[in-house]
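First comes the structure, then the notes that go with it.
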Amino acid sequence: MRNSGAVLILTFIAILTLQAAGVSPPGKPRLTSCRSPEKETFTCWWEPGGDGGLPTTYALYYHLENSETVYECPDYRTAGENSCFFNKNDTSLWVNYNITVVASNALGKNISDPVEVDVVYIVQPNTPEHVTAVVVHDEQGPFVRVSWEKPRTADTRSGWITLLYQLRVKQEKDKEWEEYNAGMQKYYNVFSLHPDKEYMVQVRCKPDHGFWSEWTQTTYVKMPDYITRERSLWIMITIFFVFIVVILTWTLNVKRNSVKLCLLPAVPGPKIKGFDKQLLKSGKSEEVFNTLVIQGFPPTTDYDNLLVEYLEVYDNEEQELVQDGKDLSEDCMKSKSPSDIDSGRGSCDSHTLLLEKCMDGREGSGSNQHQYSQHGETRWASTESSESQDPEPGSPESANGRGKTWPVVFPSPQPQPHHHYPVGAAKPAYHSVPEILNHLSPHAMSSNYHQLNHQDILQQERRFSKPACRHSQSYNQFNLDGIDTPAPGVAPSPSLEYVEVQRVNPENMLLLRPLSDPNREPEGSDCTREDYSKVKEVTSNNILLLQRDMSHQCVDDYSQADQCTTQQPPHPCKPAVHQSNSGMPQEAIRVMGNGYVDSTVLMPSY
Amino acid sequence: MSRSLKQVAVLLVALLCLDPHSRVSSAPICTHGPSGCHVPSLADLFDRVIQHSARMHSLSNDLHSEFEQYFLPSKNSIGKIYRKCHTSSILTPNGKENAQKLAREELTEVILKLLMAWRDPLFQLHQSMAHQQDFNSFSSNKALEMGDMTHELRKGVEKVAEKMRVLGMLGNSVTGLSPAETMLPISDSGEAMSNYELLYCFRRDSNKVQNYLKILKCRIIPEHDC
């Protein structure tokens, strides 16, 4: 009793003393890895946990699966410190090993955690051997052929183990390796290495199920200095192209001028007749532009057509007809003039300048139109659909009230284009009539008011309906030349008088008759009286039906109307109201937009 | 209508233009031996069979690691309780020497036994995997593929054996497997094995098969790849 107590106390003191000295039982060891290099043997390594200050021994124990027999490691030496080597006899494949390591020292022992190992799955072969890299010179270019041997321990001959190889290459200065898989073969050709550079080569292997071996020692190989075929090809191509470029440049240089002509064709200079470039360059614009003024423009002699919409003639003298050698055609044209030109003058006086009593001209308009349509250039100034059409510049404009304007060119300078003629001037009131581009048969001027617009000469193509013209008692002929002396016989009227244009004969003569002419034919010459007429109704075709003044045969055409689609030159006596669609009564008159009924004989534009 | 006519025309032209020698014609079944038929050599057969077994093993490996990853997080745990695989009754060499000591016939027989033993268990495995919600379809497809592959592999090995017998490399001591010798994966305790255990066992057995086939091949045809 006393002894046991003493022993206890002594042990206690001893432990305390030992602890004070820093010794303790060993720490727990740990199995780090087990590896088999050839699937026939294997080795396990552990790391000690701490020896506790005292000499510690380690022992490895294992048992196979489903067996309780515990064996100790047969060989602690072969594999080095803290290892256990299992030789062939002790190695069984496809069997689980349960391995533990026990560390023990004077104070105690410690057991590691057990580890399950199946040898088949822990195979890691040794590195390949005898790695060689040689430069092979080929017609394509040199390349490197790397070859090696299998690790000595691996038995691939019998098929027991199957190895896959891998190699990697890089230059000394590169960071990344270039890896290649060689499969089961023991050589590999590396291409596309740069000339005159040194490369490092390494090889490793792996079983089909297992771990990669370590990389072999580096093998160095130096590529020879050579010009790659690719580069030589590029050099040749470059030289060739440089040569071509030089030749081209030389050729271009020699043929400089023709090249210039080809690439930069000459820009045609202005080809205005009478335009002198030198004069322009000299800076005197007036002289230049003066040369542009063509005498005798607009040319009036050559054209057969006279297209005069409105012609306001102020003639003091009696209107006498002057034949200038040109015959107005028998046919009258109905001019389809738009709403009148309101120059403040009651322009749309229908009865002032009526070309013709064009009653049935309308009926014949269809045929006329047909006739005109044969001329390709015939263009009818359409005022019906003026809303939809864009008016030509200067062309008879839409029914918003602006009428056609005709350029007025006077052979002799006149102060205003359409003003009074000097009374008593022995020249006829004539206007140079604007030129008509097409070759229509002479148009009949029907409007009483014409404002000749200079620009319209060339552009206007008037369509004139051709009324069935009656004969005209008298007509005023307008000299289209403009230069000629005033036609004899035209007595200027002493006062403002409206003239009715009866027709235009082929020689571009306007056959006029004064409204107050007593010689007027009863058919169409009676009324010159200005009068207002009431609008009876407006048809669907934008036609105003005017109420006819029953007292007089002549229907006056001053009627306020909203719209004017086509102009209807109402004959005073026979209102040539014409609607091609329906036979309108004679009272129906086409009116123009601004309220004036145009007296021009129109060609309906159906 | 015109399209079909065109196609017919093109076909006719193609047929006409084809080299008459290269026309495809029906070939007779090679009942008369190697003449007129391309008969694969033993080396080719072995190669095919070995590739097949490699594929089978990799499939089993994948499934097993999937299992381990998702259902058994602890590796090398003490809690692993292994029951015996149902094929442990088949005596298999567990080392290189042992395997090399076996005669070709015995080795072939071992292989065939192993493959045979796994026919039904793999089918059951696929069934149970397909029914369980835990597995995605990919895994269950793999199991199905595994089963088919085992079946094909067995057929292939039988053909190889037949070929070897014809060539005189194999004696007649190879006993045919009796159909009655079906093994059920019943462990000692009588319970059916779990999916994981089945996979574990099959992984091991497929590795065995692959290894044995390689040994067999390099023993019979040592020329290439050995």
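Not measured: the values here are computed from a predicted model. Atom set for the values below is all heavy atoms of this structure, side chains included, hydrogens, waters and symmetry mates excluded.
Looking at B/K96, the atoms closer than 4.5 Å to chain A (heavy atoms on both sides) sit in the backbone and in the side chain alike.
For the cysteine pair A/C44 and A/C73, the distance separating the two SG atoms is not below 2.5 Å.
Taking B/Q100, B/R219, B/E97, B/R204 one by one and counting their heavy-atom pairs under 4.5 Å with chain A, the maximum is reached by B/R204. Ranking A/R157, A/Q185, A/K39, A/M184 against chain B, the residue ahead of the rest is A/R157, based on heavy-atom pairs under 4.5 Å. Of the residues considered (A/T91, A/D118, A/I161, A/D155), A/D155 shows the highest number of contacts with chain B, using heavy-atom pairs under 4.5 Å.
Residues B/Y200 and B/H64 place their aromatic rings such that the two centres sit under 6.0 Å apart.
At a heavy-atom separation below 4.5 angstrom, chain A is approached by B/H57 within residues 41-59 of chain B.
With a 6.0 Å cutoff to the six-membered ring centre and a 45° limit on the axis angle, A/R35 does not count as a cation-pi contact of A/F42. Geometric assessment of B/R203 against the ring of A/Y121 yields a positive cation-pi assignment under the 6.0 Å and 45° thresholds. Because its NZ or CZ atom is both nearer than 6.0 Å to the ring centre of A/W212 and within 45° of the ring axis, A/R204 counts as a cation-pi partner of that residue. In this structure, A/R168 satisfies the cation-pi test against A/W215, with its NZ or CZ atom closer than 6.0 Å to the six-membered ring centre and inside 45 degrees of the ring normal.
Look at A/D208 and B/K214 and you find a salt bridge, because one of the NZ, NE, NH1 or NH2 atoms lies within 4.0 Å of a carboxylate O, short of that distance. Under a 4.0 Å N-O distance rule, the pair B/R154/B/E158 qualifies as a salt bridge.
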